[in-house]
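In this text, all values refer to a predicted model and were calculated from it rather than measured experimentally. Proteins get letters first, then strands, A, B, ... in listed order; numbering begins at 1 in each. Computation of the quantities below employed the complete heavy-atom set of this structure, encompassing side-chain atoms and omitting hydrogens, waters and symmetry-equivalent molecules.
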2 protein chains.
Amino acid sequence: MFRMARARTTSDVFNAIAEPRRRQILELLAARGALAVGTLVVLLGHPQSAVSKHLGVLRKVGVVAVLKQGKQRVYRIDAAHLKTVHDWVKPFEQLWDHHLARIKALAERRARQQAFSHNPQQQKGPS
Amino acid sequence: MFRMARARTTSDVFNAIAEPRRRQILELLAARGALAVGTLVVLLGHPQSAVSKHLGVLRKVGVVAVLKQGKQRVYRIDAAHLKTVHDWVKPFEQLWDHHLARIKALAERRARQQAFSHNPQQQKGPS
DNA sequence: TTTACATATTCCCATATAGGACTATAATGT
DNA sequence: ACATTATAGTCCTATATGGGAATATGTAAA
């Protein structure tokens, strides 16, 4: 059979955002609403060829959408596909929430003990 | 001289979770707390070699931690590094929230204005 | 020690990049 | 029609995989 090297970057959003430059593009699009390719080229300082190819990947995955405006292509984020990533990491949120909550509780307990022995007016832990 | 092929999977969390099987491992670890490699091998149905290698990537990136127990290695999630991904996608959340339609409309209006201007360099959005 | 078990690592290799340079396509202007 | 601009796509190539098999390392039991 064929050996698999790795999944295509165009296969899903996770692969698409694995590339720092592509994340950068998404950040710019999110910050400024929508941008033409030429603008992105200027902002990023990368060759047009590279920018277009990264946009191509993001487009194939569906995380950006294009709007033809004359000879320009204006890109904007199609948030629905980014939501895929969000929905995946979200459940893990409780893992560090738990951790932080435990640390906070511990700190507050210690603060209360110290308050009892030394400083009666302090009752709040570090936020 | 040096041509870059692609970023290493071990360079950051985004690359690490780009692989479906690695995401699957993280899901299992999150669901069941902590698991030995052998258990993961059984649950996943993949060769031990493959599982170990994927765990190696996740380990190097720091998204999992190991605990030696006898001749077993028990893996658990180190949530702090997953938070990196969460923190990155979170700002995009507003794009698919109830603001979605409004933002989209605004973006398209701005895009149309940009398309009318000749020089992409002079587009400095009001920050 | 020897044996058995649990994991990690090494070797080989087909393949998917990502970048640079160049080219093709499409829309607009003269 | 021809030139110009904006962007996409193609060709080439060094490199980083990821899988399978085999092997090494480490740990505990007989």
Inset, instruction - Calculate the interatomic distance between A:Asp12 atom CG and C:dT17 atom C1'; express it in whole Å. - result: 15 Å
Legend entry - Below 4.0 Å: OP1/OP2 of C:dA6 and any side-chain N or O of B:Tyr75: no
Inset, instruction - To the nearest Å, give me how far apart CD (B:Gln24) and P (D:dG18) are. - result: 15 Å
Legend entry - Pairing residues for A:Arg23 by the salt bridge (charged side-chain N to carboxylate O under 4.0 Å, His left out) criterion, not counting sequence neighbours: B:Asp12
Inset, instruction - Scan residues 54-66 of chain B against DNA chain D and write down, sorted by residue number, each residue with any heavy atom closer than 4.0 Å; if none is found, say none. - result: B:His54
Residues 27-50 of chain B, side-chain donor-acceptor partners within the protein, below 3.5 Å, at least two apart:
residue : atom : partner : partner atom : Å
B:Glu27 : OE2  : A:Trp88 : NE1          : 2.7
B:His46 : NE2  : B:Arg21 : NH1          : 2.5
B:Gln48 : NE2  : B:Ser52 : OG           : 3.1

Inset, instruction - Take the C1' atoms of the five end pairs on each side of the helix from C:dT1-D:dA30 to C:dT30-D:dA1, derive the two axes, and give their angle rounded to 10 degrees. - result: 10°
Inset, instruction - Using whole Å, report how far CZ of A:Arg21 lies from P of C:dA18. - result: 11 Å
Inset, instruction - Would you mind reading off the distance between A:Glu19 atom CD and D:dT15 atom P, rounded to a whole angstrom? - result: 16 Å
Legend entry - Below 4.0 Å: OP1/OP2 of C:dA8 and any side-chain N or O of B:Ser52: yes
Inset, instruction - Let me know the distance between NE2 of B:His46 and P of D:dG19, rounded to the nearest Å. - result: 8 Å
Legend entry - Hydrophobic cluster identity match, B:Val74 and B:Ile25, side-chain contacts under 4.5 Å: no
Legend entry - Residue met sooner reading DNA chain C from 5', once B:Val74 and A:Lys53 are mapped to nucleotides: B:Val74
Legend entry - Nearest-Å distance for atom pair CD1/P, residues B:Ile25 and D:dG18: 12 Å
Inset, instruction - Would you give the length of the straight line joining atom CG of B:Leu26 to atom CZ of A:Phe92, rounded to the nearest 0.5 angstrom? - result: 5.5 Å
Legend entry - Partner residues of A:His86 under the ring pair (Phe, Tyr, Trp, His ring centres under 6.0 Å) criterion, sequence neighbours left out: B:Trp96
Inset, instruction - Would you mind building the protein contact string for nucleotides 22-28 of chain D? One character per nucleotide, 5' to 3', B for base within reach (heavy atoms under 4.0 Å), S for sugar-phosphate only, - for untouched. - result: B----BS
Inset, instruction - Can you see which heavy atom on A:Ala79 is nearest to which on B:Leu95, and at what distance? - result: CB-CB, 3.5 Å
Inset, instruction - Specify the separation, in whole Å, of atom CG of B:Leu44 and atom C1' of C:dT7. - result: 15 Å
Legend entry - Selection: residues 27-41 of chain B, any non-hydrogen atom under 4.0 Å of DNA chain C: B:Ala36, B:Val37, B:Gly38
Inset, instruction - Not counting sequence neighbours, which residues clear salt bridge (charged side-chain N to carboxylate O under 4.0 Å, His left out) with A:Lys71? List them please. - result: none
Indicate every side-chain donor-acceptor pair of residues 53-70 of chain B with a distance under 3.5 Å to a residue at least two apart or in another chain.
residue : atom : partner : partner atom : Å
B:His54 : ND1  : B:Arg22 : NH1          : 3.2
B:Arg59 : NE   : B:Tyr75 : OH           : 3.3

